[in-house]
Amino acid sequence: MRLIRVAIIGGGVTGMTAAYHLQEQSKERGLPLECTLFEATSRIGGKIQTHRDQKFWIELGPDSIFTAKPDGVTLLRELGISDQIIHAVSGQTSLARNHTLFPIPRDLYMGIPARWSAMAMSPLLSPRGKLRALGDLVLPRTSELETLSLGHLLRLRFGHEVVEQIAAPLLAGIHAADIDRMGIADATPAIEHLIRTHRSLLLGAKRSKKRTQRPASQSASSPFISLQGGLSTLTEALFAKTNEFVHYKTNAPVKQLKKNPDGSYTFVYLSDNVPTRFEADAVILATPAHAAAAIVETLGITTDLLPSIRYASTATVILGFAAATFPEQREMTGFLVPRSAGLSITACTVVTTKWPSSLDQKQVVVRCYVGRDGSEEILKQSDEDIVKAVEDDLHAIWKVKRTPAFYRLTRWPISMPQYDVGHANRVARMEQALHDFPGLAMAGAAYRGMGIPDCIKDGKRAATHVLKHVTQ
Ligand code: FAD
């Protein structure tokens, strides 16, 4: 059998996982495969980026892997690093209102009230808001879910206050998204399932929560994990496992992908700043959608999918305070901020509480997000002004001094894909358009799930797809 050349474009967790599976499959099946991974920047790992010091580590990008989606944990096991797993401490997360923190109501299921008392007792809602939320129990079944946004659905069922004060920060906050643009099935398939199977969301949430609840005897450990040394331990393990098989090329941005008459592909990449041609039998595009759009411009794929996937920009600001100067946060792992709260911070994690083993406990380290879909003006400001705005918010909430021992700001421009209403349809149309380009696969956070486990699953799917093509 002749040598088969596969190119992977993008060295984040998606591209690296695709490389790992190509390696494992070719070893298992004895395939003569040559795999090259092209990464535009000088480092491998993409958005996974851990800052390490001698005594501690801090995540500049993602900070955890959600274990309810099994592909993340499965990969850790396959790579032989599951003994390095650390669990997040599941403490108290709060919601900010008028510079005061209120615990997130108990008895929520996927951010949806699963018991009337969850809302009735909450100081986050007015008496009128509480009464309106009861509407869900008597309203007829909601239909036309394909054209409704998640925000519209929840406003219909529970009213404006539940959405603004509870559901939006919980469900849209983690994606830096606008709940009124998020597709129901696209962004939150579990909620789509609830509303398809139950007339009342509250009753559906109550039943589902009961089904998934652990017995009181079992301790509820957090479903969020990291690794000793941070999440870069994962991408480093992927690199170590694959670098004899995969040719990693960094500082090698790719452009101008073309299909050749024999079905193979040619593209141009920079090698020592010199444009260089590369030919491959199959290509996996594992870049963000906007970068993929630029690369396939020369291919003539007739779809508006890639440019129509919107991205939000955000930034993380990490601040360290001497423990003695910070109010004690024994249980507090962080807080979320509703849009109406008028703060610059959109979410905050108390890293010292959530990941105690990652840090020296002589200091309190918090990680704050700023910027989200529709509110990105703050990101136009200088680093100093953004940090000052964050310090002002923390001072207003916790009365901490505006002088942290250290801070670090990381900007994440056009980094969070938005799964707007109709997203899954657009991805399906894209898949259809790709039928004319066998041997080309697109994978990553922009398409079938945004979290690290989703990206791992998608990288594996893309590897399987191109292998099928090159071996048929
Ligand atoms: P990326 O990591 O973006 O990798 C794509 C790579 O392609 C990049 O390295 C890029 O340089 C490269 N590239 C781009 N253009 C080209 C080109 N022309 N040629 C060659 N290479 C190119 N997920 C979680 O599960 N848990 C979290 O806690 C979490 N928190 C997050 C916090 C932040 C601030 C952000 C931004 C994301 C977070 N996410 C989280 C999401 C998760 O990090 C990403 O979805 C995931 O890491 C994306 O991986 P990827 O490989 O698909 O893309």
Side-chain angles (χ1 to χ4, degrees), residues 7-19 36-50 59-69 71-73 88 173-177 223-226 230-232 234-235 238 248-257 267-271 278 283-297 311-318 334 346-347 349 351 354-355 367-372 409-419 442-459 462:
I8 299 172
I9 304 171
V13 70
T14 306
M16 296 184 87
T17 306
T36 312
L37 187 149
F38 297 83
E39 165 53 44
T41 68
S42 59
R43 60 173 284 282
I44 296 292
K47 296 200 170 69
I48 295 182
Q49 214 172 315
T50 310
E59 301 294 355
L60 305 182
D63 81 336
S64 58
I65 296 174
F66 185 42
T67 53
K69 295 186 174 182
D71 298 83
V73 184
I174 50 163
H175 305 306
F224 296 98
I225 57 165
S226 180
L231 291 180
S232 286
L234 163 60
T235 43
L238 276 167
Y248 281 95
K249 289 187 186 291
T250 48
N251 295 313
V254 168
K255 53 186 182 174
Q256 294 174 5
L257 179 66
F267 55 80
V268 175
Y269 72 99
L270 286 187
S271 171
F278 191 89
V283 176
I284 296 175
L285 259 174
T287 66
H290 46 85
I295 294 168
V296 301
E297 218 177 4
Y311 275 73
S313 298
T314 178
T316 53
V317 184
I318 294 160
T346 60
T349 303
V351 186
K354 187 175 175 188
W355 306 107
R367 200 172 89 125
C368 301
Y369 278 87
V370 296
R372 55 183 150 198
L409 181 142
T410 310
R411 291 178 185 264
W412 292 104
I414 42 173
S415 60
M416 308 290 267
Q418 301 296 303
Y419 284 22
M442 293 197 191
Y447 310 111
R448 300 166 193 86
M450 306 166 225
I452 292 168
D454 303 304
C455 293
I456 288 171
K457 184 176 179 183
D458 214 30

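For this chain, numbers begin at 1 and follow the sequence in order. Whatever order the structure lists them in is the order used to number ligands and atoms, beginning at 1.
Within the 4.0 Å heavy-atom shell around ligand 1 one does not find Phe224. The closest approach between a heavy atom of Phe38 and any atom of ligand 1 is below 4.0 Å.
Geometrically, ligand 1 and Pro253 share no nitrogen or oxygen pair separated by less than 3.5 Å. At under 3.5 Å, not a single nitrogen or oxygen of Ala291, backbone or side chain, sits near a nitrogen or oxygen of ligand 1. Ligand 1 has no N or O atom lying under 3.5 Å from any N or O atom of Thr41, backbone or side chain.
Within ligand 1, counting atoms from 1 as listed, the ones closer than 4.0 Å to a heavy atom of Ile452 are 23 (N), 24 (C), 25 (O). Near Cys455, the atoms of ligand 1 lying under 4.0 angstrom from a non-hydrogen atom of the residue are 45 (O), 46 (C), 48 (C), 49 (O), 52 (O). Using a 4.0 Å cut-off to heavy atoms of Gly46, the atoms of ligand 1 that qualify are 2 (O), 4 (O), 9 (O). For ligand 1, the atoms sitting less than 4.0 Å from at least one non-hydrogen atom of Ile9 are 19 (N), 20 (C), numbered in the order shown with element in parentheses. Close approach of ligand 1 to Met450 is summarised as follows: ligand atoms under 4.0 Å from at least one heavy atom of the residue are 41 (C), 42 (C), 44 (C), 45 (O). Each of the following atoms of ligand 1 lies closer than 4.0 Å to a heavy atom of Asp63: 27 (C), 28 (O). Counting the atoms of ligand 1 from 1 in the order shown, those under 4.0 Å from a heavy atom of Ser64 are 24 (C), 25 (O), 26 (N), 27 (C), 28 (O). Atoms of ligand 1 lying under 4.0 Å from any heavy atom of Gly61, numbered from 1 in the order shown and given with element: 32 (C).
The backbone and the side chain of Thr14 each have at least one atom closer than 4.0 Å to an atom of ligand 1 (non-hydrogen atoms only). When non-hydrogen atoms are compared, ligand 1 lies under 4.0 Å from the side chain of Tyr369 (C-beta onward) but not from its backbone. Contact annotation for Ile44 and ligand 1: no heavy atom of the residue comes within less than 4.0 Å of the ligand. With a heavy-atom cut-off of 4.0 Å, Ala286 touches ligand 1 through its backbone alone. Contact annotation: for Trp412 versus ligand 1, heavy atoms closer than 4.0 Å belong to the side chain alone.
At a threshold of 4.0 Å, the pair Lys69-Asp454 counts as salt-bridged, since one of the basic side-chain nitrogens sits closer than that to a carboxylate oxygen.
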(request) For Thr287 and Ile295, run side chain to side chain contact (heavy atoms under 4.5 Å, CB included): C-alpha distance rounded to whole Å, both residues' side-chain angles, the deciding distance at 0.1 Å, then the answer. (result) CA-CA 10 Å; Thr287 66; Ile295 294 168; 4.2 Å; yes
(message) If you apply the rule ring pair (Phe, Tyr, Trp, His ring centres under 6.0 Å), what do you find for Tyr248 with Phe38, and how did you get there?
(response) CA-CA 6 Å; Tyr248 281 95; Phe38 297 83; over 10 Å; no
(request) Check the pair Ser226, Trp355 against side chain to side chain contact (heavy atoms under 4.5 Å, CB included), reporting the backbone distance first and the verdict last. (result) CA-CA 9 Å; Ser226 180; Trp355 306 107; 3.6 Å; yes
(request) Quick one: do Leu37 and Lys249 satisfy side chain to side chain contact (heavy atoms under 4.5 Å, CB included)? Show the steps, please. (result) CA-CA 6 Å; Leu37 187 149; Lys249 289 187 186 291; over 6 Å; no
(request) Any chance you could lay out the side chain to side chain contact (heavy atoms under 4.5 Å, CB included) test for Thr36 and Phe278, step after step, and finish with the verdict? (result) CA-CA 10 Å; Thr36 312; Phe278 191 89; 3.6 Å; yes
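Nearest non-hydrogen protein atom to atom 3 (O) of ligand 1 is Lys47 NZ, 2.6 Å. Of the protein's non-hydrogen atoms, the one nearest atom 20 (C) of ligand 1 is Ala40 N, 3.4 Å. Here the heavy atom of the protein found nearest to atom 31 (C) of ligand 1 is Pro62 CA, 3.4 Å. Ranking protein heavy atoms by distance to atom 49 (O) of ligand 1, first place goes to Val13 CG1, 3.7 Å. Remark: minimum distance from atom 7 (O) of ligand 1 to any protein heavy atom is reached at Gly10 CA, 3.3 Å. Closest to atom 19 (N) of ligand 1, if we only count protein heavy atoms, is Val254 N, 3.0 Å. For atom 12 (C) of ligand 1, the closest non-hydrogen atom of the protein is Glu39 OE1, 3.3 Å. Nearest protein heavy-atom neighbour of atom 37 (C) of ligand 1: Met416 SD, 3.8 Å.
Residues Phe66 and Ser64 are not in side-chain contact: their nearest non-hydrogen atoms beyond the backbone lie 4.5 Å or more apart. Using a 4.5 Å heavy-atom threshold, the side chains of Val317 and Arg367 count as separate. Side-chain contact between Val13 and Leu238 is present, with heavy atoms from C-beta onward closer than 4.5 Å. The side-chain heavy atoms of Gln49 and Thr235, taken from C-beta on, include no pair separated by under 4.5 Å. Between Pro453 and Ile65 there is a side-chain heavy-atom pair separated by less than 4.5 Å. Contact check for Met442 versus Tyr447: side-chain heavy atoms found under the 4.5 Å cut-off. Between Pro288 and Tyr311 the shortest side-chain heavy-atom distance falls below 4.5 Å.
Summarising the geometry of Asp63 relative to Leu231, their closest heavy-atom pair is C-CD1, 3.6 Å, with the distance given to 0.1 Å.
There is a side-chain donor-acceptor pair under 3.5 Å between Thr50 and Glu59.
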